[in-house]
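As structure tokens, the structure follows; a few thoughts come after it.
Chain letters run A, B, ... following the sequence lines, proteins first and then strands; every chain starts at 1. Note: hydrogens, waters and symmetry copies are ignored here, and every other heavy atom, side chains too, is used.
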Protein chains: 2
Amino acid sequence: MSSNDQGATRRRRGSEQVTLKQVAQAAGVSAITASRALNTPERVNETTRARVLDAVETLGYVPNLVAGSLASARSRFIAVIVPSLANAVFIEVIRGLQETFEARGYQILLGNTDYDLDREYQLVRTFLGWSCSALVTAGLRHNQACHTLLANWDKPIVEVMELGEALDINVGLDHLDAGRCMARHLRSRHYQEIVYVGARMSQDYRAEMRYAGHREILAEDGLDAPLIELDQLGSLEAGATGLDNVLAAYPRAEAIHFANDDLAAGALLHARRRGLAVPGDIAIAGFNGLPLGQHITPRLTTIQSPRDAMGRLAAREVLRKLDGEPGALQQHDVGFSLLQGEST
Amino acid sequence: MSSNDQGATRRRRGSEQVTLKQVAQAAGVSAITASRALNTPERVNETTRARVLDAVETLGYVPNLVAGSLASARSRFIAVIVPSLANAVFIEVIRGLQETFEARGYQILLGNTDYDLDREYQLVRTFLGWSCSALVTAGLRHNQACHTLLANWDKPIVEVMELGEALDINVGLDHLDAGRCMARHLRSRHYQEIVYVGARMSQDYRAEMRYAGHREILAEDGLDAPLIELDQLGSLEAGATGLDNVLAAYPRAEAIHFANDDLAAGALLHARRRGLAVPGDIAIAGFNGLPLGQHITPRLTTIQSPRDAMGRLAAREVLRKLDGEPGALQQHDVGFSLLQGEST
DNA sequence: TAGACATATGTTAGCGCTAACATGTTGGCG
DNA sequence: CGCCAACATGTTAGCGCTAACATATGTCTA
């Protein structure tokens, strides 16, 4: 008589949660068999499986995924990090990711950096702590700590939106070249005084790259490439302000190259309100190829980027890696195309 | 001599993860003290905490949140379930939620039902399995199993978008009344032949409720309320189609009440392309108050709903509950207002 | 008929962390 | 000076699940 009746098992919380053990007991099998019946059904006899599923139904069992993840050291989470939810572009990429991943039983874990790389690092730390199966982030730039952390992580990482030196998989397009493409188009229309307008460009370095491409082409012809930066997020409203600012600062401007379609469309609609002819008085171009631009009159000249395709492609590459299939290319250029409207 | 050298601890995986134990050892404290230093710093001596943080830094420790959640039976997840990511309305609600929750260290777990209640049930099961701290879902309708599951769940639940009989917290507006409001407006303009146009309305029952309100008002005046349903998701494109369909089916139509602004704006822009005067030839009204509608000419008459406010309010109420503050009202009517443009 | 092999299930030992309780240590007070 | 509270830290025992290693049982081959 000694270490026998140690006392009642102290229940930590109320915890009336139905556990796998109870399901197993009800089905007359061991816990591991119940686990297999739910997770790897092909490894369990059909009748056994039916009994387990029955018990699940009867008891109203909801698997504790936290426990499962801890035991197996993996979750079915995909971390997705974007700089903003206010921008339709990221929404469409997220949608592409979401469609593909949810169909395969993965959950999206969404983080928003607000264009702050330190915030990105925090999010990455948190997400790694959740044993995510993969991580998708917008852009190639990270702070030092974040870079180190990711470089030592052994699961698939996708950097989307732009191309360059990537950690793992890279899906995007060449923004420098996109900027050049539009600038060439504007030059081909013989515009000389061309102003570039961006919103919060110090944060949005992809817009900066497009501007760099734009400037490069104008420089080839010995032209200046004046820049106007708006201190607000891209929106129709901001585009209207942008137009006003350009006309005030550069009265002789013939064309405006906007960093994105929200701005361009806002300017275009505002031009009409002001009684300005587009492109007669001022030509307007954008970037992204949002539907809006193609529904207004005149249709917006812009650059079409395959955004949801980018998401889907990123997701497909991740799934391929997770399935252990031979990884194809690591870098995928999704390209872009000039969408010529009547606004230039 | 017996149960002594049980043998080497078999390492399950490669698992070179730095653990809290290692951090504790490096800092010369016990694991629980290290845990407290990170999670409840006020309960640990300042110098001890500094030593722990030092060790965290040195070793590159990333907390395993899965383990933490299992041990504490709670995660810092907020489940958010929406029927679609293609609709700007839900994006704005998500943004409101996200802003508020991320600032308080909660992560959004995003699910998309695609307007399928069975899919919603699956998502809810998954999310409960992650020990979410709260759940936010769009709408009051759930299937039986989902309702039961949620009704027995003991954490905050918010149903957003519409008002009615809710499980817990309810934040939204009265869609029936919104439909009435717009119909009254159109009647006040003396339109008689008014067609309602929706997209996939069998799925979007909030649009159906608005239609019901619309029909009610017209019936008061003894008028018919013809309905056209589009078999595609709401978009500018669909709105253009909607306009064409109305004109084909009801050549004498004077006004169109669209289920949302995407449709209405698409129709308005298309009307101009077809050379129709708005509202001279046909009046157009929408619902939502998206920025786009206020930037086109003529400005769209619509109903303004406070979408991101809805998200923020929902989040605030959840936080209040989680903080154990006395819950105020359970039901919050965020209201709406008629935004009169020149399109009617 | 031994053996090699596949199928179906069970036993054991953690995954990394934190709740609950226990203990030590200080300072203030009557 | 002894007592009690308030702080600071430690010990123990899981949280609910699954990986890894058994252990049956049947099935086919030489």
Side-chain angles (χ1 to χ4, degrees), chain A residues 3 6-25 27-52 56 59 61-76 126 128-131, chain B residues 3 6-25 27-52 56 59 61-76 126 128-131:
Chain A
S3 61
Q6 250 293 62
T9 330
R10 158 176 47 116
R11 259 276 89 65
R12 209 174 317 187
R13 277 160 301 285
S15 178
E16 279 123 49
Q17 202 189 7
V18 178
T19 70
L20 187 63
K21 212 184 233 172
Q22 293 171 39
V23 170
Q25 197 157 32
V29 297
S30 70
I32 191 72
T33 300
S35 168
R36 287 198 268 249
L38 295 173
N39 300 317
T40 50
E42 71 282 4
R43 304 189 150 215
V44 166
N45 182 292
E46 208 170 314
T47 61
T48 312
R49 181 165 76 248
R51 282 212 316 282
V52 172
V56 166
L59 298 176
Y61 170 66
V62 176
N64 184 325
L65 301 174
V66 179
S69 290
L70 180 59
S72 66
R74 62 193 143 69
S75 73
R76 290 185 76 81
T126 305
L128 298 203
W130 283 112
S131 305
Chain B
S3 59
Q6 249 296 61
T9 331
R10 156 175 48 115
R11 255 283 83 69
R12 207 170 323 182
R13 277 162 301 285
S15 177
E16 280 123 50
Q17 201 188 9
V18 178
T19 71
L20 187 63
K21 212 183 233 172
Q22 294 171 41
V23 170
Q25 198 157 31
V29 297
S30 70
I32 191 70
T33 300
S35 168
R36 287 197 269 250
L38 295 173
N39 300 318
T40 50
E42 72 281 3
R43 304 190 149 215
V44 166
N45 182 292
E46 208 170 313
T47 61
T48 312
R49 181 166 75 248
R51 282 214 314 282
V52 172
V56 165
L59 298 175
Y61 171 67
V62 176
N64 184 327
L65 300 174
V66 178
S69 291
L70 180 60
S72 66
R74 61 194 145 68
S75 72
R76 290 184 76 81
T126 306
L128 297 204
W130 283 111
S131 305

Under 4.0 Å, counting only non-hydrogen atoms across every strand here, what does B:V66 touch: a base, just sugar-phosphate, or nothing? nothing
C:dT18 phosphate, OP1 or OP2, under 4.0 Å from B:S72 side-chain N/O: no
Would you mind classifying the nucleic acid contact of A:T48 as base, sugar-phosphate or nothing, using non-hydrogen atoms under 4.0 angstrom? sugar-phosphate
Could you tell me whether a side-chain N or O of B:S69 sits under 3.5 Å from a main-chain N or O of A:V66, the two making a donor and an acceptor? no
Starting at CD of A:E42 and ending at P of C:dT7, how long is that distance when rounded to a whole Å? 11 Å
Please determine, for the side chain of B:N39, which listed nucleotide (D:dT18, C:dG16, C:dT18) has the closest atom? C:dT18
Rounded to whole Å, how long is the line connecting atom CD of B:Q17 with atom P of C:dG14? 17 Å
Rounded to whole Å, the CG-P distance (A:L20 to D:dA19) equals 12 Å
Just to confirm, is there a sub-4.0 Å distance from OP1 or OP2 of D:dC15 to any side-chain nitrogen or oxygen of A:N64? no
Roughly how many Å is it from CH2 in A:W130 to P in C:dG16, rounded to a whole number? 15 Å
Mind calculating the distance between CG (B:L65) and P (C:dC15) to the nearest angstrom? 18 Å
C:dG10, OP1 or OP2 - any side-chain N/O from A:T33 closer than 4.0 Å? yes
Taking for B:T47 and for B:A67 the nucleotide of DNA chain D with the nearest heavy atom, the one nearer the 5' end belongs to B:T47
B:I32 side-chain proximity, nearest of C:dT18, C:dG10, C:dG16: C:dT18
Are the side chain of B:T33 and the backbone N or O of B:V29 linked by a donor-acceptor pair below 3.5 Å? no
Shortest side-chain distance from B:N45, nucleotide among C:dA19, C:dG10, D:dT9: D:dT9
C:dT18, OP1 or OP2 - any side-chain N/O from B:S35 closer than 4.0 Å? yes
Contact between B:V62 and A:T126 at the side-chain level, heavy atoms closer than 4.5 Å - yes or no? no
Atom-to-atom span, CZ of B:R43 to C1' of C:dT18 - whole angstrom: 12 Å
Of all the nucleotides listed (D:dG16, C:dT9, C:dC17), which has the minimum atom distance to the side chain of B:T19? C:dC17
Please state how far atom CZ in A:R51 lies from atom C1' in C:dT9, giving the value in whole angstrom units. 11 Å
In whole angstroms, how far is the C1' atom of C:dT18 from the CG atom of B:L70? 10 Å
Does A:S75 use its side chain to pair, donor to acceptor, with the backbone of A:S131 at less than 3.5 Å? yes
Consider the side chain of B:A71, meaning its heavy atoms from C-beta on, and name the nucleotide among C:dT9, D:dT11, D:dG14 that approaches it most closely. D:dG14
Please check this pair: side chain of A:T48 against backbone of A:V44, looking for a donor-acceptor N/O pair closer than 3.5 Å. no
Any sub-3.5 Å donor-acceptor pair from A:R51's side-chain atoms to A:A27's backbone N or O? yes
For A:R74, report the nucleic acid contact type (base, sugar-phosphate, nothing); a contact means any heavy atom under 4.0 Å. sugar-phosphate
